[in-house]
Structures are given as C-alpha cells and as structure tokens.
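Because only heavy atoms are used, hydrogens play no part in the values below, and waters and symmetry mates are left out as well, while side chains stay in.
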There are 2 protein chains.
Amino acid sequence: MSADQVPSEQVPSEQVAALRRFNRYFTRRIGALDDHYLGQDRPLGEARLLFEIAGTPGGVSLRELRGRLGLDAGYLSRMTKALQTQGMVRISVDPQDNRLRTIEPTDAGRLEVTEQNRRADALAAGLLDTLTPVQRDRLVEAMATAQRLLRLAAITVDLVDGAAPDARACLDAYAADIDARFPEGFDPSDLVRPQEVSGTAGAFFVAYEEGRAVGCGALRTLEPGVGEIKHVWVHPRARRLGLARRILAALEDEAAARGHRVVRLDTHASLTEAQAMYRAAGYREIPAYVDHVYASHWFEKRLGPR
Amino acid sequence: MSADQVPSEQVPSEQVAALRRFNRYFTRRIGALDDHYLGQDRPLGEARLLFEIAGTPGGVSLRELRGRLGLDAGYLSRMTKALQTQGMVRISVDPQDNRLRTIEPTDAGRLEVTEQNRRADALAAGLLDTLTPVQRDRLVEAMATAQRLLRLAAITVDLVDGAAPDARACLDAYAADIDARFPEGFDPSDLVRPQEVSGTAGAFFVAYEEGRAVGCGALRTLEPGVGEIKHVWVHPRARRLGLARRILAALEDEAAARGHRVVRLDTHASLTEAQAMYRAAGYREIPAYVDHVYASHWFEKRLGPR
DNA sequence: AGAGTTCTTTGACTAAAGTCAAAGGATGAG
DNA sequence: CTCATCCTTTGACTTTAGTCAAAGAACTCT
C-alpha cells in the first residue's frame with residue numbers, strides 16, 4: 001500500500017472510464033499487432049526471451065532473466081536450451097560465480113531480433129504513414145504525456161525503515177549524485193543516521209517503480225512541532241515526472257500526522273531546480289535555522305490542517 | 001492497401017520509436033493489468049468470450065462472435081457450451097436461420113461481467129488515485145488525443161467499385177442521414193448512379209475501420225478536366241477524427257491522377273461544418289455551376305501538381 | 001570444514017489454447 | 001427438387017505455457 005494515497009479523494013468515474021476505454025482500444029488494436037508479428041515462426045514466450053537476451057549487451061544471467069520476465073526456473077532453463085539448440089544463443093558459465101549461466105545472443109540470434117525490430121518498425125511506420133506530419137507530432141506528444149503520467153501514477157511512495165537496504169541504497173546513490181554535483185564534493189557522513197528517521201524519531205520514504213527504488217525522502221524531528229525534511233532524491237531515470245513533488249507531499253502528510261506544525265529544509269546553492277520546486281510547493285525562504293557546510297538556502301512551510 | 005497512402009513521404013524514425021516505446025510500456029505495464037485480473041477463476045479465453053457476449057445486448061450469434069474474436073469454430077463451440085453448463089449463457093436457435101445459434105448472457109453471466117468491470121474499474125481508479133486532479137485531467141486529455149489519432153491512422157480509404165455492397169450501404173446511410181437533417185428531406189434518387197463513379201467515368205472511396213465501412217466519397221466527371229466531388233460522408237461513430245479531410249484528399253489525388261485540373265462540389269445550406277471544412281481544405285466559393293434542389297453553396301479547388 | 005543457501009537442471013505433470021477434418025442439419029440458388 | 005454452401009458440433013489431435021519438486025553443483029558464512 002502506498003503511503004501517500006488518500007483514498008477519501010474520489011476519482012471521477014468518467015476518468016476511470018476514459019482510462020479503460022483507452023486501455024481496451026490500445027491493447028486490442030494497436031498493442032496486439034506488435035506481439036502478433038513479433039514471433040513469426042516461434043512461440044511468443046521464446047521470442048520474448050530472445051528479445052530480452054539480445055537487448056542486453058554483454059550477456060545476461062539466467063537469474064537476471066528469471067527476475068525480469070517473472071518466469072519459473074525450470075521453464076526458463078528449458079526455453080534457453082531450446083534457443084541454444086536452434087543456434088540463437090550461447091550459454092556459458094559465469095566466471096565470477098560458477099552456479100550462474102551467462103546467456104549471450106549469437107550472430108544468428110542478433111540477426112533475428114534485428115529482423116523482428118525491422119518488421120515492428122515497418123508496422124508502426126505504416127500506421128503513422130497515413131497521418132499528416134502535424135498529426136504525427138501531436139500523437140507523439142500525447143503519447144509522451146500519457147506515458148509520463150502513467151509512469152508517475154504507477155510509482156508508489158512507501159514508508160520504510162531508515163535502515164532498510166532500499167533506504168540505504170537510495171541514500172548512497174543520493175550521496176554519489178550530489179558529490180558529483182557540488183563543487184566541494186559531499187561527505188557521506190553527513191547523511192541522516194537510520195535511527196533519526198525511523199520509528200517515533202522520524203520517517204523515511206522510498207519511491208518504487210516496478211519494484212525498483214527510484215527515489216527517497218527523509219523526515220526527522222528538529223524540535224517539538226518542527227520537522228525537518230532531508231535527502232529528497234529522485235533517480236535519474238525517474239526525473240521530470242513530478243516524483244519529487246509526490247515524495248515531498250508524503251513527507252508533509254507524515255509530518256502533519258506526527259503533530260508537526262511546520263517543516264523546514266535546507267538546500268545547496270547549486271540545486272536551483274530544487275529551490276524552484278520548493279517555492280512552487282508552498283515553501284518560503286527563511287533565515288538559516290542551522291549552520292551547515294552544504295546549505296545556502298533555508299525554507300519553511302506551515303502545515304495546514306488536512 | 002490504402003489508396004491515400006503516399007509511401008514516398010517518410011515517417012521519421014524518432015516517431016516510430018516513440019510509438020513503439022509507448023506501445024511496449026503500455027501493453028506490458030498497464031494493459032496487462034486488465035487482462036490479468038479479468039478472469040480470476042476462469043481461463044482468459046472464456047472470460048473474454050463472456051465479456052463479449054454480455055457486451056452485446058439482445059444476444060449474438062456464434063457466427064458473429066467467431067468473426068469478432070477470430071476464433072476457430074470448434075473451439076468457440078466448446079467454450080460456449082462450457083459457459084452454458086456453468087449457467088453463464090443461454091444458447092438458442094436463431095428464429096430467422098435455424099443454422100445459427102444465438103447466445104445471450106443469463107443473469108448470473110451478466111452479474112459476473114458486472115463484477116469483473118467493477119474490479120477493473122477499481123484497478124484503474126487505484127492507478128489514477130495517486131495523481132492530482134490536474135494531472136488526471138491532463139492524462140485523460142492526452143489519452144483522448146492519442147486514441148483519436150490512432151483511430152484515424154488505422155482507418156484506410158480504399159477505392160472500390162461504385163456498385164459494391166459497402167459503397168451502396170454507405171450511400172444509403174448517407175441518404176438517411178441527410179434526409180433527417182435537411183428540412184425538406186432528401187430523395188435517394190438524387191444519389192449518384194454506380195456507373196457514374198466506377199471505372200473510367202469516376203471513382204468511389206470507402207473508409208474502413210477494422211473492416212467496417214465508416215465513410216465514403218464519390219468523384220465523377222463534370223466535363224473534361226473538371227471533376228465533381230459528391231456524397232462525402234462519415235459514419236457518426238467515426239466523426240471528429242478528421243476523416244472527411246482524408247476522404248477529400250483521396251478524392252483530390254484521384255481527380256489529379258485522372259487529369260482533372262479542378263474539382264467542384266455543392267453543399268446544402270444546413271451543413272455549415274462541411275462548408276468550413278471545404279474552406280479550410282483550400283476550396284473557394286464560386287457561383288452555381290449546376291442547379292440543384294439541395295445545393296445552396298458551390299465550391300471549387302484548383303488541383304496543384306503533386 | 002560444515003551447514004545452510006543459491007542457482008540450475010531434470011522429470012513428471014497439468015491446463016489452456018488452438019487446429020483440422022468429418023459429419024449432419026439448414027438454407028439458398030438455380 | 002437438388003446441389004452446393006453455410007453453420008455448428010464432435011472427435012482427435014498438437015503446441016504452448018506453466019507448475020512443482022527433487023537433486024546436484026557451487027557458493028557464503030561462521
């Protein structure tokens with residue numbers, strides 16, 4: 001369950017109907033085309049597997065494929081062997097770990113995938129072909145917008161323990177990210193301690209997209225009634241979706257639920273987009289509430305009753 | 001093959017890639033949800049069949065279902081019987097044609113479909129739930145735009161014989177349509193004769209969406225070098241897609257290919273949208289070139305070299 | 001070094017999806 | 001009235017997709 005979902009807020013049934021209408025139309029009419037032509041003389045499962053293998057340069061392990069495609073180990077083993085006997089892939093033992101098998105496409109396998117792609121491209125081009133350039137531009141733009149918003153909708157922002165592996169992984173990525181960004185670098189020892197953002201002391205949120213952690217945000221207590229937001233970060237692949245805003249909202253809701261009246265945060269001079277985002281989210285700049293090497297701007301937001 | 005496709009006009013590969021990217025994302029992530037939850041304790045094929053049966057008020061024939069779902073006759077027969085023994089559908093002999101079977105949902109069948117719909121709605125609502133109202137509005141708008149353009153792209157405009165059943169069916173629908181629209185009604189004997197719009201005399205185009213005729217347009221020769229466009233019509237379910245414009249373009253291309261230098265047409269005073277469309281398509285109003293009960297405005301377009 | 005865990009392979013299944021052809025009743029065109 | 005055609009049913013398959021459990025090799029932790 002997502003922590004920032006507010007179930008009281010009703011989704012108009014017209015919007016639900018619109019999504020389902022589009023879903024039906026698209027999966028039945030357009031999406032089906034791709035799959036249907038994908039595996040011409042090959043079972044769909046096998047075609048998908050080959051596609052996945054060829055799409056990963058440098059080879060993939062069976063383990064990785066199993067996770068990505070959600071297949072049974074036995075089933076996958078057999079399909080891979082079938083592809084091998086057909087000369088589509090090469091199976092070798094992983095040099096690091098002799099339990100693992102590394103799968104690579106052969107030239108023949110790569111060729112087949114290229115051919116598949118060519119066919120699918122031709123199909124897509126044939127569809128777009130009847131539209132005028134202006135209509136095509138509009139279609140591409142509409143699809144980009146829809147995809148962006150659907151991705152955002154499919155991301156959940158969950159409350160996790162500050163010591164959880166996902167939380168630490170996000171903080172490590174965050175630290176590496178800003179270390180590269182700040183002229184003076186960043187010292188990871190300045191990250192919040194797990195106990196500061198767990199249990200009654202604070203909170204830690206991780207954003208998940210398809211099971212992968214793609215963002216985080218922390219809340220700790222500065223003084224009674226005052227929360228501090230730290231380490232709001234979004235993975236590069238999930239940027240420009242509006243996710244930081246969602247994480248911020250989850251942190252604010254959590255702060256309000258914990259009885260904080262205001263939340264504060266500081267930010268580095270170089271993070272101008274972040275500052276704009278905070279302003280747009282209702283934060284106003286305040287004098288320094290804490291001295292800090294990396295901070296140059298301080299913000300505060302009064303939490304209204306919700 | 002569509003008659004109005006101009007293969008010389010290249011579709012940018014970036015647009016092809018965008019469509020395929022969206023396609024992949026949507027079918028794998030969003031579309032899959034629906035199907036997965038559709039048949040909870042029932043094979044997918046059976047669930048889809050029941051859905052299709054319940055979605056057609058007044059019952060469907062097996063024949064119709066076979067065509068719509070593209071199923072093997074034997075396979076369909078067995079599945080229908082399975083649904084019958086489960087009490088989901090009622091099978092009866094068609095009163096018109098004793099070879100046909102008419103399938104109707106029972107109350108239990110209808111209930112199950114309603115329940116399925118409820119679940120799918122809840123799923124869709126759950127997805128939209130995390131978005132703000134503004135984001136939801138934008139998503140719905142983007143999906144509507146994409147669907148509109150994809151539908152238009154999937155429609156082909158084909159040259160057919162003026163006497164073909166589809167051509168006649170379109171003209172009948174056209175006649176009924178304007179008969180209801182014109183204050184003075186419309187006399188079907190004023191429709192073009194098949195031989196006027198076939199072979200060397202003229203041309204007839206029918207627009208097809210998923211195999212169904214959803215629009216038409218005729219071209220006949222007025223005098224050497226001058227073509228006349230008649231009966232441009234779009235089925236109510238395919239309006240507001242920009243299809244009339246496509247049909248018009250196909251007619252103009254055909255006229256140019258036949259060596260006409262200009263095309264003319266007349267239109268009724270009450271069809272103001274049509275008049276706006278003609279103007280936007282480069283037609284200019286001219287004096288009456290022929291006297292006609294239903295005509296109040298006359299247009300002409302000079303065909304450039306293409 | 002031993003115990004527990006991880007990863008792959010193999011055998012033994014099952015259910016779903018779909019194909020093909022024969023057969024029989026019903027219809028329609030001539 | 002007859003013959004070709006249409007629609008459905010039935011029998012007899014095949015392929016695809018997927019599951020479960022046992023077993024063995026390799027790794028990790030202590």
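Atom CZ in A:R101 sits about 11 Å away from atom C1' in D:dG24, given to the nearest Å. If you measure from atom CE of A:M79 to atom P of C:dT8, you get 14 Å, rounded to the nearest angstrom. For the pair B:I103 CD1 and D:dC7 C1', the interatomic distance rounds to 12 Å; values are reported in whole Å. Between A:L100 atom CG and C:dT9 atom P the separation is 10 Å, expressed in whole Å. Look at CG on A:L44: it is 17 Å from P on D:dT15, rounded to the nearest Å. When the C1' atom of C:dG18 is taken as reference, atom CG of B:L76 falls 12 Å away, rounded to whole Å. Between the CG atom of A:L71 and the P atom of D:dA17 there is a distance of 10 Å, given to the nearest Å. As rounded to whole Å, 11 Å separates atom C1' of C:dA17 from atom CZ of B:R48.
Comparing A:Q96 and A:E46, the nucleotide of DNA chain D nearest to each residue sits closer to the 5' end for A:E46.
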With side chain to side chain contact (heavy atoms under 4.5 Å, CB included) as the criterion, how do B:L139 and A:L150 come out once you've worked through the C-alpha distance, each side chain's angles and the decisive distance to 0.1 Å? CA-CA 8 Å; B:L139 174 60; A:L150 286 167; 3.9 Å; yes
Enumerate all atom pairs, one protein N or O and one N or O from nucleotides 20-26 of chain C, separated by less than 3.5 Å.
none

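Not one N or O on the side chain of A:R237 forms a donor-acceptor pair closer than 3.5 Å with the backbone of A:V234. Side-chain atoms of A:S77 do not come within 3.5 Å of backbone N or O of A:A73 as any donor-acceptor pair.
Using a 4.5 Å cut-off on side-chain heavy atoms (C-beta onward), A:V197 and A:F205 make no contact. Under the 4.5 Å side-chain criterion, counting only non-hydrogen atoms from C-beta, B:R42 is in contact with B:Q86. In this structure, A:F26 and B:I30 have side chains that are not in contact, with every pair of non-hydrogen atoms separated by 4.5 Å or more. Here the side chains of A:L71 and A:M79 are in contact, with some heavy-atom distance below 4.5 Å.
Taking a 6.0 Å sphere around CZ of A:R68, one finds it holds more than 12 heavy atoms contributed by other residues, nucleotides or ligands.
Using a 4.0 Å cut-off on heavy atoms, the residues of residues 81-91 of chain B that approach DNA chain D are B:K81, listed by number.
For A:R42 and D:dT16, the shortest distance from a side-chain N or O to OP1 or OP2 is not below 4.0 Å.
Distances were taken from every side-chain heavy atom of B:L62 (C-beta onward) to each of C:dT9, D:dT16, D:dT9; the shortest belongs to D:dT9.
Side chains of A:Q147 and B:R21: a donor-acceptor N/O pair is absent below 3.5 angstrom, by distance only.
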